[in-house]
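Remarks on the structure that follows.
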Amino acid sequence: MINWQLYFYRDVYGLDDLIDFYNISFTSKEELEEKLDVIDEILDESSAYETNLVLLRIDTMKSLSKSLDEINEFRGKYSGLNEIKQQYIDEAVEDEDYELAIRLVKKELKKELPFILKKDYNNQLKELYLKVNDKSNYKRQLEEVLFNG
């Protein structure tokens, strides 16, 4: 029934609540594997609420202990979504892989970005340099934040 509702309501406002329910209610290995299939079908058919479904699929893959390479390969398909990029950066920070986090943020800063995203990435980069005790880059990034927003 939940699968049917996900298909039927995929373009409706209440899908977020349904996704949340789906995420917490089905946790057995078999249900998680089925969840991956359902999400893939929905993603193939519609772009509505794509970000939430992509994040749900990544979380489900983690619950199934899928390899990091497999997760990153899937994530790469949706690397244009800001929430997906930010999740990857956040995971690198949580894993204390600051070099990766710095590379990811720098990669984003090379792109044409709206001011607010550029500001957020500059602040993140500043904080990452502080975490790795890179004083010269921290100072340069602090100046960037202060003088360029």
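Below, all heavy atoms of this structure are taken into account, side chains as well, without hydrogens, waters or symmetry copies. Along the sequence shown, the residues carry numbers beginning at 1.
Expressed to the nearest 0.5 Å, how far OH of Y78 lies from CD1 of I84 amounts to 9.5 Å. Between the CG atom in L117 and the NZ atom in K119 there is a gap of 11.5 Å [rounded to 0.5 Å]. Taking CD from E31 and OG from S63, the interatomic distance works out to 12.0 Å, rounded to the nearest 0.5 Å. In this structure, NZ on K131 lies 4.5 Å from OH on Y98, to the nearest 0.5 angstrom. Taking CD1 of I58 as the reference point, atom CD1 of I39 lies at 10.0 Å (rounded to 0.5 Å). Rounding to the nearest 0.5 Å gives a distance of 11.5 Å between CG of L64 and CG of D59.
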Item to check | Worked verdict on T51 versus L55 for side-chain contact (heavy atoms from CB on, under 4.5 Å) | outcome: CA-CA 6 Å; T51 301; L55 291 170; 4.1 Å; yes

Item to check | Check against side-chain contact (heavy atoms from CB on, under 4.5 Å), Y138 and L128 | outcome: CA-CA 8 Å; Y138 174 77; L128 288 167; over 6 Å; no

Checklist entry - Going through the distances and angles, do I102 and V132 end up as a side-chain contact (heavy atoms from CB on, under 4.5 Å)? => result CA-CA 10 Å; I102 289 169; V132 297; 4.2 Å; yes

Next on the checklist: Set out, in order, the CA-CA distance, both residues' side-chain angles and the distance that settles side-chain contact (heavy atoms from CB on, under 4.5 Å) for I89 and Y121, then state yes or no.
Outcome noted: CA-CA 10 Å; I89 293 166; Y121 284 130; 3.7 Å; yes

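Taking a 6.0 Å sphere around CD of E143, one finds it holds more than 12 heavy atoms contributed by other residues, nucleotides or ligands. Atom NZ of K62 sits in a crowded spot, with more than 12 heavy atoms from other residues, nucleotides or ligands closer than 6.0 Å.
Annotation: side chain of E41 is not in contact with side chain of V38 (no heavy-atom distance under 4.5 Å). Looking at L32 and L36, their side chains never come closer than 4.5 Å, going by heavy atoms from C-beta outward. Residues N133 and K135 are in side-chain contact: their nearest non-hydrogen atoms beyond the backbone lie under 4.5 Å apart.
Looking at residues two or more places apart in sequence or on another chain, you find a salt bridge (Lys or Arg N to Asp or Glu O under 4.0 Å) between K85 and E108.
A side-chain donor-acceptor contact under 3.5 Å links D90 and Q86.
Cluster membership check: I116 does not share its hydrophobic cluster with V145, using side-chain heavy-atom separations under 4.5 Å among Ile, Leu, Val, Met, Phe, Trp and Tyr.
If you run salt bridge (charged side-chain N to carboxylate O under 4.0 Å, His left out) between R57 and each of D40, D44, D37, only D40 comes through.
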Name every donor-acceptor pair, under 3.5 Å, that has one atom in a side chain of residues 65-76 and the other anywhere in the protein, sequence neighbours excluded.
from	atom 1	to	atom 2	distance (Å)
S67	OG	E70	N	3.0
N72	OD1	R75	NH1	2.7
N72	ND2	L68	O	3.4
N72	ND2	Y88	OH	3.4
R75	NH2	Q87	OE1	3.3
R75	NH2	E91	OE1	2.8
R75	NH2	E91	OE2	3.0

